[in-house]
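Worksheet: the structure to be examined is printed underneath.
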Amino acid sequence: MATEIRVPTLGESVTEATVGQWLKKVGDVVKADEPLVELETDKVTLEVPAPSAGVIASIEAKDGSTVGIGALLGSINADASAAKAAPQAVKVAAAKAEAPKPASAPTPAATMQPAGVNGASPAAKKILAEKAIAPAAVAGTGKDGRVTKADAVAAIIAPAPAPSAPVTVRAPSLADDAAREERVRMSRLRQTIARRLKDAQNTAAMLTTFNEVDMGKVMELRAEYRDLFEKKHGVKLGFMGFFVKACIQALKEIPAVNAEIDGQDIVYKNYYHVGIAVGTEKGLVVPVVRDADHLSLAEIEKSIASLGKRARDGELKIEEMQGGTFTITNGGIYGSLMSTPILNAPQSGILGMHKIQERPMVVAGKIEIRPMMYLALSYDHRIVDGREAVTFLVRVKEGLEDPQRMVLDL
Amino acid sequence: MPQYDFAVIGSGPGGYVAGIKAAQLGLKVAVVEKMATFGGTCLNIGCIPSKALLHTSEMFEQAGHKFESFGIKVGALKLDLTAMMGHKDSVVEANTSGVAFLFKKNKIDAFQGTGSISAPGQVKVTAADGSSQTIDAKAIVIATGSESMPLKGVEIDETRVVTSTGALSLPQVPARLIVVGAGVIGLELGSVWRRLGSEVTVVEFLDRILPGMDDDVAKQAQRLMQKQGIAFRLGSKVASVDKKGKTLKVSVEPAAGGAAETLEADVVLVAIGRRAYTEGLGLEAVGIQRDERGRVAVDEHFQTNVRGIYAVGDAIRGPMLAHKAEDEGVAIAEIVAGQAGHVDYGIIPAVVYTSPEIASVGRTEEELKADGVGYRAGKFPFSANGRARAMGERDGFVKILADAATDRVLGGHIIGPYAGELIAEIAVLMEFQGAAEDLARICHAHPTLSEAVREAAFAAWTKPIHL
């Protein structure tokens, strides 16, 4: 008896994924819950586990193909002994309201299914393909949300959504050069990052204000309490904890930087979920430390360490990257001295940390060598005015140059 | 008193399907049937026996008229009507005992006798000998079907002046048969006897045959039937039938009134329509309302005005078709079992089992025009279809009507070989709100008759390939 392997629900507004890599092939014996295939989505890569133990019977969706939620990936021939009629729940919850039917039941007919699942009619497919519009992007009015020919016709007439500025056709390379080129399709994650960056730039009135911070005091604190901290809290005392604390202090004073524009409203968040940008092989991801204002320095460090590792291992869940109110990005680890980060839409501010470089500074009239870091705050000028942005950065600087202020809530 | 969750009065397609579905959903089911066999009109004196005779008579026709052109010499072709009726009877028997088997399999209790509703929740079963018993039922479903509509001035005796019931069992081939009514039943049975040797004349009140069907199709059907030898008197009515002599004298006058003429016949078939049958149900006593045509009045959930009493099939509004009754049977079982039962009346195919066969689903051109809906009609003749040619079937066409703006298929009409089978594809497409272009883009096997359907879709959407 074959159990179907289907694409699980992947998170709100995520309608399709790309099959990244099959970890098993037809004929392999697998245990229940063993990862079978990687799916790449807009936000994250995740693994689909085996719904039951058995032998991989078929693979329907090949590497690189696009699949919608609930689509058939393949099937497993379950052992007669281990077989259960209903497939086990996939890790990322696939919530279907109807009674769970055995795997051989027809596609769940919930009318909430996005068009990508039940597809488009033959005529609709052709019409959309000619205009390079994905069926999943079209609202389907057919049975169970299918995209009918009429829906497709309407979709190609209507102004195309989002980043559709006329695609500039690249002038073909000279024959001599063309032979030396290598063309690689952008991964789904990269395409999404590219799209979101452009969206941010196209939407916000974005600019960057700079300041510099003397990291001496923080470094002294670290040097003095490093061992004790690590012994008590089981995590290294890094810089990020101080930065998060300093930022929250400043966000509390300048709420506009922690807010978001929604249509004609400004939404002031009364919570502080700080995103920490992490570079991974596949691209930049931003896991979020939720309610960072309620966490101690140690808890922040722990949280960041764990999120960072999971990000690099590709194990982040969608929910862990959603809901951030402010982001910190650190180009300094790569050696950057100064930069202008791009906002993590729909947030209104992002702090850029950079390399700590010893520079000659004037301190009380004398030249001293101080460990300095340039700070950059890119912000959305639509709701954060200049005074607020500058003040925010000054507060961050003050918090870092004199950590005692945070104890005194200054 | 025996207690049931679900009691059905009548075991025709509406009743027996409702009973079986209800049993499958876990209800305790009773079915009351007054005839000796199950299956109602459809299995006993309707769909099944007529289709058996239509098939065998068509075979007889082909043997006598077509085989020679295929290179098959038959010699002196003879008809053994008794054996032909025997075949019909065995088909009926197989079907009716099939229903009996399904009742046993689903543990449904069958009660023989006339069912009547003595009180809400109670069904009285009166046997032929007068004895009776009463059963309790939480839900009662009236599925008593329909009967032939009588014609004023004409007395039915089911030997010389018959309804479809008598026409299905004539002891010999009538020399002259007059059919009153050019609807589905009249044309089907008229065809049967014409093939077996009768001289058939169809008298119809309206100025067209097959009322309700697409005009185009009806005209083509009439043309083809006339070529087969059926005579039509349209715009005419039968005022009376004189039975006194050896032959029947049928008085025919223009529908609008005027001078009558007398036609002679050996058998007269009255087939002017059917009406809901609710005799002996006790509806008045329980206060169940009927509509203006005498049918049991129901809401969209098949509920009558009395709680717990429902009705489906020919006994209520809607096309008088067995499959419509079956769908309603499933729906009412689901509703009573607490689920959402629903029938989509927009996509019910209708078939006329003459030769050529006629089938339609959805709207006709006339209906679309009347509603002011812009449409494109795509037509493809079977004469241009390879399979049809190989079969020697050159008559007829497929016509698909698609919305002019969206290309969505709104109706399909077929006259030709296996029309009743071919129409299913169009019904499925319509259910999924498909466009003509969609159908045209689906691969159809070659050589098949279904390619004619595909070509009609091409024609509706853009241009046919093979014309």
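Here is how names work: the chains are called A, B, and so on, in the same order as the sequence lines, proteins then strands, and each is numbered from 1. Predicted, not measured: the structure shown is a model, and the values here were computed from it.
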Quick one: does Lys143(A)'s side chain get under 4.5 Å of Glu431(B)'s, heavy atoms only?
yes

Side chain, backbone, both or neither: which part of Lys126(A) has a heavy atom under 4.5 Å from chain B?
side chain

Smallest separation among heavy atoms of Asp407(B) and Lys149(A), with atom names
OD2-NZ, 2.7 Å

In short, Pro122(A) meets Arg441(B) closest at the heavy-atom pair CB-CB, 3.7 Å

Within 6.0 angstrom of Arg190(A) CZ, more than 12 heavy atoms from elsewhere
no

Which atoms of Leu439(B) are under 4.5 Å from chain A, going by heavy atoms: the side chain, the backbone, both sets, or neither?
neither

Portion of Thr148(A) that has a non-hydrogen atom of chain B nearer than 4.5 angstrom
side chain

Closest non-hydrogen contact found for Ser121(A) with Asp438(B) is OG-OD1, 2.5 Å

